**Student:** 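Sharing a structure, written as structure tokens. Questions coming.
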Amino acid sequence: MGRYTKEDILRLAKENDVAFVRLQFTDILGTLKNVAITVSQLERALDNKCMVDGSSIEGFVRIEESDMYLYPDYDSFEIFPWESKHGKIARLICDVHLSDGTPFSGDPRNVLKRAIEKAEKMGYTFKVGPECEFFLFQTDEEGNPTTIANDKGGYFDLGPIDLGESCRRDICLALEDMGFEIEASHHEVAEGQHEIDFKYDDALKTADNVMTFKYVVKIMAQQHKLHATFMPKPIYGIAGSGMHTNMSLFKDGKNVFCDENGPYGLSETALHFIAGIMEHIKSITAIANPIVNSYKRLVPGYEAPVYIAWSASNRSSLIRVPTARGAGTRVELRSADPACNPYLEMAICLFAGLDGIERGLVPPESTSRNIYDMTPEERAADGIETLPASLEEALRHFKKSKFSRNALGDHVYEKYAEAKSAEWEQYRTKISQWELDNYLVKY
């Protein structure tokens, strides 16, 4: 049974003097969208009668089939913990449906629901815990973002060195007011870089939480006259931001990745799951690392993974199994970054892991050495390949992957490939400042 009924939401809105409600949904590229309504229209929205023009949304539909309906998830009802001059604002996260009432295949939330449904048919519940990193930058006199960090802090530093501490605290408090369980928050490696970790949950709830998290971080930063960005690599020469994705499967309330008698304390199911992700990682990369800038982070020397290997011990590998066992046993994908669409990223990872289980795939031996210290010959001898080095290369693997098409569905697969190919072509033909600095005078 759900957390809220229609009557609960109407009562809560009235008791809390809610004036506006944001009906939120996410496009294929992972951008949060919304239709704002006054509270007088809330009952109509809860009856799935609010429409959206799908032809205006990236990757949705053609203009002749544009009428779509927003179906609110009642359990996602939350009241934003900050005031507006027009009264309190609430939100509902919505699924997108066609005019005949069927779920829209191009809705990323629907893609994740399909993956979860497959896992459930196999007897599994998919739990995910993301680690979202971000930067806080100063703004100029007109409020526009700069790339000037607002502090000189480093890993786990605290005030007064960490000048983002108060903003990070307000983010945590706002998130807790919205039902998040915040496990930790701290300054990250780079100047101006931060991480806030919230408790793992069922995959759909977690993907919703990632979208909410990013929105709240940006709003609270703005209130501190700062700019928050989830761009993976905003500054050359320092660490970039990742979204390490911790995944586990449960059956009958027990974590099926744990086996005290198995290698590394892992079950065969866990090893099959790891092998499935490794099997498909080159095509997954276009989803997990979705923008041109993502590949400026995936370079040696900054802790981000570059090589396709897994390990039960070291952090240089693509997939790491943290030391916790029992209910805390999990598989951590370290390549994903916070620019990704969390619904698609979690869906394609789940489909890959389930494929590994169904096919009984076996991963290579765990790599205990620091892969960055290995020579190319040593990596080749161990069969360690590299992740795609650019969006173009990732798209090549994505476009020839039957697995990715089947996982995402034809609509999302084709529209995503089309949008990202256009993005790469625009980048490829753009004249960069680096080119001007190096060639304009010399040639």
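Values reported hereafter were calculated over all heavy atoms of this structure, with side chains retained and with hydrogens, waters and symmetry mates removed. In this text the structure is predicted, and so the values were computed from the model without any measurement.
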**Student:** Which heavy atom in Cys132 sits nearest to a heavy atom in Met243, and how many Å separate them?
**Tutor:** SG-CG, 3.7 Å
**Student:** Ignoring hydrogens and angles, state whether a donor on the side chain of Gln223 or Asp170 is under 3.5 Å from an acceptor on the partner side chain.
**Tutor:**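 Asp170 and Gln223 do not have a side-chain donor-acceptor pair below 3.5 Å.
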**Student:** Assess whether atom CD of Glu183 is packed by more than 12 heavy atoms of other residues, nucleotides or ligands within 6.0 Å.
**Tutor:** yes
**Student:** Might you point out which heavy atoms bring Gly276 and Leu361 nearest each other, and give the distance in Å?
**Tutor:**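 Answer, listing the atom of Gly276 first, then Leu361: CA-CD1, 4.1 Å.
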**Student:** Under a 3.5 Å threshold, yes or no: a donor from one side chain and an acceptor from the other, between Lys399 and Ser421?
**Tutor:** yes
**Student:** Using a strict 4.0 Å threshold on nitrogen-to-oxygen distance, state whether Glu78 and Arg3 make a salt bridge.
**Tutor:** yes
**Student:** Phe180 and Phe213: aromatic ring centres closer than 6.0 Å?
**Tutor:** no
**Student:** Between Ser317 and Thr367, does any side-chain donor sit less than 3.5 Å from a side-chain acceptor?
**Tutor:**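 No pair is found: no donor N or O on one side chain lies under 3.5 Å from an acceptor on the other.
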**Student:** May I have the step-by-step check of side-chain hydrogen bond (donor to acceptor under 3.5 Å, both in side chains) for Asp67 and Ser99, ending in yes or no?
**Tutor:** CA-CA 6 Å; Asp67 290 343; Ser99 57; over 6 Å; no
**Student:** Begin from the C-alpha positions of Val35 and Met51 and carry the test side-chain contact (heavy atoms from CB on, under 4.5 Å) through to its verdict.
**Tutor:** CA-CA 9 Å; Val35 173; Met51 294 175 59; over 6 Å; no
**Student:** Can you see which heavy atom on Met278 is nearest to which on Pro363, and at what distance?
**Tutor:**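 Result for this residue pair: SD-CB, 4.4 Å.
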**Student:** Is the shortest distance from a Lys or Arg side-chain nitrogen in Glu393 or Lys282 to a carboxylate oxygen in the other one below 4.0 Å?
**Tutor:** no
**Student:** Scan side-chain atoms only and decide if Asp201 and Thr206 contain a donor-acceptor pair under the 3.5 Å cut-off.
**Tutor:**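 There is no such pair between these side chains.
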**Student:** Before you tell me yes or no, could you show the steps for Glu120 and Thr125 under side-chain hydrogen bond (donor to acceptor under 3.5 Å, both in side chains), namely the whole-Å CA-CA distance, both residues' side-chain angles and the distance that decides it to 0.1 Å?
**Tutor:** CA-CA 6 Å; Glu120 288 175 345; Thr125 299; 5.8 Å; no
**Student:** Would you say Tyr295's side chain and Asn289's backbone share a donor-acceptor pair under 3.5 angstrom?
**Tutor:** yes
**Student:** Which residue is it: His194, His186, His224, Glu195? I am looking for the one with a side-chain hydrogen bond (donor to acceptor under 3.5 Å, both in side chains) to Arg168.
**Tutor:** His194
**Student:** Taking Arg325 for the side chain and Pro322 for the main chain, is one N or O donor matched with an acceptor at less than 3.5 Å?
**Tutor:**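 Yes: the side chain of Arg325 pairs with the backbone of Pro322.
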**Student:** Check the pair Leu98, Met68 against side-chain contact (heavy atoms from CB on, under 4.5 Å), reporting the backbone distance first and the verdict last.
**Tutor:** CA-CA 5 Å; Leu98 300 176; Met68 296 186 167; 3.9 Å; yes
**Student:** Might you point out which heavy atoms bring Ala352 and Ile284 nearest each other, and give the distance in Å?
**Tutor:**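 What the structure gives for the nearest pair is CB-CD1, 3.8 Å.
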**Student:** Donor-acceptor check, side chain of Lys296 to backbone of Pro234, threshold 3.5 angstrom: yes or no?
**Tutor:**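 No, the answer is negative, given that no donor and acceptor are paired below the 3.5 Å cut-off.
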**Student:** Testing Ile371, Ile274, Ile308 for side chain to side chain contact (heavy atoms under 4.5 Å, CB included) with Leu318, which one passes?
**Tutor:** Ile308
**Student:** Between Trp310 and Tyr264, is the ring centroid distance below 6.0 Å?
**Tutor:**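 For Trp310 and Tyr264, the ring centres are under 6.0 Å apart.
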**Student:** Using 4.0 Å as the upper bound for N to carboxylate O, is an ion pair formed by Glu385 and Arg379?
**Tutor:** no
**Student:** In plain terms, say whether Asp355 and Arg359 are close enough for a salt bridge, that is, a side-chain N and a carboxylate O under 4.0 Å apart.
**Tutor:** yes
**Student:** Between Arg396 and Leu391 (side chain of the first, backbone of the second, donor and acceptor by atom type, cut-off under 3.5 Å), is there such a pair?
**Tutor:** no
**Student:** Between Asp73 and Arg109, is the closest basic N to carboxylate O distance under 4.0 Å?
**Tutor:** yes
**Student:** Are the charged groups of Asp95 and Lys113 less than 4.0 angstrom apart, N to O?
**Tutor:**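 Yes, Asp95 and Lys113 are salt-bridged.
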**Student:** Check this for me, if you would: do Lys118 and Glu358 make a salt bridge, where the nitrogen-to-carboxylate-oxygen distance has to be below 4.0 angstrom?
**Tutor:** yes
**Student:** Output all residues satisfying ring pair (Phe, Tyr, Trp, His ring centres under 6.0 Å) with Phe80, sequence neighbours left out; order by chain, then residue number.
**Tutor:** Trp82, Tyr215
**Student:** Would you please indicate if the ring centroids of Tyr71 and His97 are separated by under 6.0 Å?
**Tutor:**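 Ring-ring flag for Tyr71/His97: true, centres closer than 6.0 Å.
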**Student:** In sequence, state the C-alpha distance, the side-chain angles, and the governing distance for Phe250 and Val256, and then conclude on side-chain contact (heavy atoms from CB on, under 4.5 Å).
**Tutor:** CA-CA 5 Å; Phe250 281 70; Val256 299; over 6 Å; no
**Student:** Test side-chain contact (heavy atoms from CB on, under 4.5 Å) on Met211 and Tyr343; report intermediate values, then the result.
**Tutor:** CA-CA 9 Å; Met211 296 304 297; Tyr343 300 104; 3.8 Å; yes
**Student:** Just by distance, do the side chain of Asn34 and the backbone of Gln24 share a donor-acceptor pair under 3.5 Å?
**Tutor:**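 Not at all, since once roles are kept as given, no pair shorter than 3.5 Å links the two residues.
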**Student:** Determine yes or no for a side-chain-to-main-chain donor-acceptor pair under 3.5 angstrom, with Lys127 supplying the side chain and Tyr200 the backbone.
**Tutor:**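 No; zero donor-acceptor contacts below 3.5 Å.
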**Student:** Quick check: closest heavy atoms across Leu298 and Ser335, and the distance to 0.1 Å?
**Tutor:** CD2-O, 4.0 Å
**Student:** Got a donor-acceptor contact below 3.5 angstrom from the Thr139 side chain to the Lys225 backbone?
**Tutor:** yes
**Student:** Could you check whether the rings of Phe137 and Phe135 sit parallel, tilted or perpendicular, using 30° and 60° as the cut-offs?
**Tutor:** parallel
**Student:** Under 3.5 Å, is there a donor-acceptor pair between the Asp437 and Gln433 side chains?
**Tutor:** yes
**Student:** Indicate whether the side chain of Thr245 and that of Arg334 have a donor and an acceptor atom separated by less than 3.5 Å.
**Tutor:** no
**Student:** Quick one: does Asn341's side chain have a donor or acceptor within less than 3.5 Å of a partner on Asp27's backbone?
**Tutor:** yes
**Student:** Below 4.0 angstrom, N of the basic side chain to O of the carboxylate: do Glu117 and Arg114 qualify?
**Tutor:**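 No, Glu117 and Arg114 are not salt-bridged.
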**Student:** Just by modelled atom types, is the Trp434 backbone N or O under 3.5 Å from a matching donor or acceptor in the Asn438 side chain?
**Tutor:**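 It does hold such a pair.
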**Student:** Does the separation of the ring centres of His411 and Phe104 fall below 6.0 angstrom?
**Tutor:**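 Ring-ring flag for His411/Phe104: true, centres closer than 6.0 Å.
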**Student:** Would you call Cys258 and Leu266 a side-chain contact if the rule is heavy atoms closer than 4.5 Å?
**Tutor:** no
**Student:** Under the criterion side-chain hydrogen bond (donor to acceptor under 3.5 Å, both in side chains), I'd like the reasoning laid out for Arg91 against Thr212: C-alpha separation, chi angles, the key distance, then a yes or no.
**Tutor:** CA-CA 10 Å; Arg91 76 94 198 271; Thr212 299; 2.6 Å; yes
**Student:** Mark yes when over 12 heavy atoms from residues, nucleotides or ligands other than Glu176 sit less than 6.0 Å from its CD; otherwise mark no.
**Tutor:** yes
**Student:** On the 0 to 90° scale, with breaks at 30° and 60°, tag the Phe126-Phe273 ring pair as parallel, tilted or perpendicular.
**Tutor:**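 Ring orientation of Phe126 relative to Phe273: tilted.
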**Student:** Any Lys/Arg nitrogen of Arg320 or Glu332 sitting under 4.0 Å from an Asp/Glu carboxylate oxygen of the other?
**Tutor:** yes
**Student:** If we ignore hydrogens and angles and just use 3.5 Å, is the side chain of Thr429 paired with the main-chain N or O of Glu425 as donor and acceptor?
**Tutor:**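 Yes: the side chain of Thr429 pairs with the backbone of Glu425.
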**Student:** Around Gln426, counting heavy atoms of other residues, nucleotides and ligands shown, do more than 12 lie under 6.0 Å from its CD?
**Tutor:**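 Open: at most 12 neighbouring heavy atoms sit under 6.0 Å from CD of Gln426.
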